Amino acid sequence: MLSPDLVETLLRQALKGGADFAEIYAERSRRRRMTVRSGRLEEAISGLDYGAGLRLFFGTEVVYAYTNQLTREGLLEALETLLRAKGAMGQVDERGAGGLDFRKALPKGLHTPGTPYGEKDKRYRLERLLEAEAGARIAPEIRQVEASLQEWEQEVLIANTEGTWAEEKRVRTRLFVLAVAQDGTEVQTGYAAPGKSVGLELFDLFPPKEVGAKAARQALTNLRAKPAPAGTMPVVVGNAFGGVIFHEALGHLLETTSVAKKASVLADRLGEEVASPAVTYIDDGTLSHAWGSTEVDDEGRPTERTVLIERGILKSYMVDRLGHLLTGYPMTGSGRRQDYTFAPTSRMRNTFIAPGDKEVEDLIASVEFGLYAKELGGGQVKPGSGEYNFAVQEGYIIRHGRLEEPVRGAMLVGKGPETIRKVVAVAKDWENAPGMCGSLSGMVPVEVGQPHVLVSEIVVGGRA
């Protein structure tokens, strides 16, 4: 993508200009999206994007510039812009003398797709989307179905003045199905969206007909559901995407993006009990073919498995380079960015509550009256405090230890640091689900997850 000679020239020039550390991030990415709606092809688009970002550190002050002119002239112009911004043009620092000894680590292919990006034609993709739509047509009440396929191939190069030279090709594929059910004037929706760091073998892992049927069943369940009750009650939160509560209302509080500024209620609390002893909370960028996995982070460091909370005790934060300089905590391979137009910050990768030793049935059986939040939808979180509210996409009343009628319109309201203390039981059935997370460095793919968990009490907003 860029020659070692050009990269070395740029990095040495940055050091000559007085930078303490310099980094280049170059990227070439291709994206495809195909959408079928009500049996018709609605969209088939693709795009190619490329560019590079230059980041210079002067102590803990950071300047960043990006360009899609990957010529020597274009990159030198971007570098000069940064040096001028720091008033460093014309300076000569002896640290820029001599060569850089790049340590080139060959990609291990940990997440290499089984079916490469260009192996199948458009017709193959269209047929799979039509299968997903057909799979959702399980009842007359299903009035509309939309199925989409998103593919993403990204090649990155990260090099810095410490000698890092890391390259990686990242491939991600995701299938979306939205089903709309209608009975008279009542309209409800259902949704399913599996995704992995794989190629088109995603269709083998998640057969399109089954994905469509899952979305339709959820829509039909909500169509016959009653309004949810309101009040404070025990809640069994479902596995997989149920982990979005703790991703949003706890995970972000453990990124040095907020910890370094003391903007997190969990700042400076290493070694303290911050969660229930039933909870071990992990951020793992090494999970095989997971949606949020990479071999290296966007600062060129190998990704890691980071135990954040172990049996309730806060053990680590998620730390990028700048966070390390500001806090002194060791880096955890957590520097991430949407693309070359963003400087990296500390971000989650695949974050989840580790499995416990309980059966899901035992969690439900222990509740006299409460809510089973099987699937969660969107929500809002207040940065710093972790205050949240999340919609329950599919929910059921628990009465006398048994699942009863489905309910709709429920909202879970609370504070992440308080809710994690109220987890009283964790099941064995750990599962993750994909999503996109937005923060200072843009939108990045992540997984959220957990087994089923029982929370002793959460405020439930409802209409009944």
Side-chain angles (χ1 to χ4, degrees), residues 237 239 242-287 292 297 301 303-336 345-358 381-388 390 412 414-427 430 432 437 439-440 446-451 453-458:
V237 183
N239 63 354
V244 71
I245 286 183
F246 299 113
H247 166 95
E248 294 287 2
L250 180 68
H252 281 298
L253 303 182
L254 298 174
E255 296 167 336
T256 46
T257 306
S258 57
V259 170
K261 297 182 291 188
K262 305 294 191 286
S264 166
V265 296
L266 296 178
D268 300 324
R269 297 189 62 186
L270 287 181
E272 294 184 25
E273 185 177 86
V274 298
S276 159
V279 171
T280 293
Y281 196 53
I282 297 168
D283 184 65
D284 191 346
T286 71
L287 294 177
D297 73 354
R301 293 185 62 84
T303 51
E304 301 177 8
R305 175 184 172 91
T306 306
V307 178
L308 302 168
I309 297 172
E310 185 174 22
R311 297 180 181 179
I313 306 300
L314 182 58
K315 293 291 188 176
S316 178
Y317 298 108
M318 288 166 279
V319 188
D320 63 332
R321 177 173 292 275
L322 180 58
H324 162 69
L325 292 176
L326 293 172
T327 65
Y329 299 132
M331 287 184 277
T332 58
S334 302
R336 304 192 67 195
T345 57
S346 57
R347 303 290 297 276
M348 286 173 275
R349 299 159 298 196
N350 308 299
T351 315
F352 56 91
I353 293 177
D357 59 0
K358 307 295 182 184
V381 176
K382 185 176 180 180
S385 68
E387 294 177 63
Y388 67 83
F390 279 93
L412 303 183
K415 290 185 177 181
E418 293 179 2
T419 301
I420 200 74
R421 286 181 172 276
K422 296 177 181 178
V423 174
V424 295
V426 178
W430 167 48
N432 280 9
C437 175
S439 187
L440 295 177
V446 298
E447 283 192 354
V448 301
Q450 61 184 34
V453 300
L454 171 59
V455 183
S456 60
E457 60 176 27
I458 299 181

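Computed from a predicted structure; not experimentally measured.
Minimum heavy-atom separation, His247 to Val446: CE1-CG2, 3.9 Å. Residue Asp297 comes nearest to Gly335 through the heavy atom pair OD2-N, 2.9 Å, listed as atom of the first residue, atom of the second, then distance. Nearest heavy-atom pair, Arg349 versus Thr306, reported as atom, atom and distance to 0.1 Å: NH2-OG1, 3.0 Å. When all heavy atoms of Ala354 and Ile282 are compared, the pair lying nearest together is CB-CD1, 4.1 Å. The minimum heavy-atom distance between Ser316 and Thr332, with the atom names listed, is OG-CG2, 4.1 Å. Scanning all heavy atoms of the two residues, the minimum distance from Asp268 to Tyr317 falls at N-OH, 3.1 Å.
For the pair Glu272 (side chain) and Leu314 (backbone), a donor-acceptor distance under 3.5 Å is absent. A donor-acceptor pair is defined here as one N or O able to donate and one able to accept, closer than 3.5 Å; no such pair exists between the side chain of Ser264 and the backbone of Val259.
Between the OG1 atom of Thr286 and the CG atom of Asn350 there is a distance of 8.5 Å, given to the nearest 0.5 Å. Note that CD1 of Ile313 and CG of Leu308 are 14.0 Å apart. Values are rounded to the nearest 0.5 Å. Atoms NE2 and CZ, from His252 and Arg347 in turn, are 6.5 Å apart once rounded to the nearest 0.5 Å. Taken from CD in Glu387 to OG1 in Thr419, the straight-line distance is 11.0 Å, to the nearest 0.5 Å. Annotation: the span from Met331 atom CE to Leu322 atom CG amounts to 11.0 Å, rounded to 0.5 Å. In this structure, OG1 on Thr351 lies 9.5 Å from CD on Glu447, to the nearest 0.5 angstrom.
Among Pro355, Pro451, Ser276, the one residue that satisfies the side-chain contact (heavy atoms from CB on, under 4.5 Å) test with Val426 is Pro451.
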Q: Under the side chain to side chain contact (heavy atoms under 4.5 Å, CB included) rule, what do Ile309 and Val274 come out as? Steps first, then yes or no, please.
A: CA-CA 8 Å; Ile309 297 172; Val274 298; 3.9 Å; yes
Q: Could you walk me through whether Leu287 and Asn432 pass side chain to side chain contact (heavy atoms under 4.5 Å, CB included), step by step?
A: CA-CA 11 Å; Leu287 294 177; Asn432 280 9; 4.0 Å; yes
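Side-chain contact between Lys382 and Lys415 is absent, with no heavy atoms from C-beta onward closer than 4.5 Å. Counting heavy atoms from C-beta outward, Leu266 and Leu254 have side chains that approach closer than 4.5 Å. In this structure, Val423 and Phe246 have side chains that are in contact, with non-hydrogen atoms separated by less than 4.5 Å.
A donor atom on one side chain and an acceptor atom on the other are found under 3.5 Å apart for Ser346 and Thr257.
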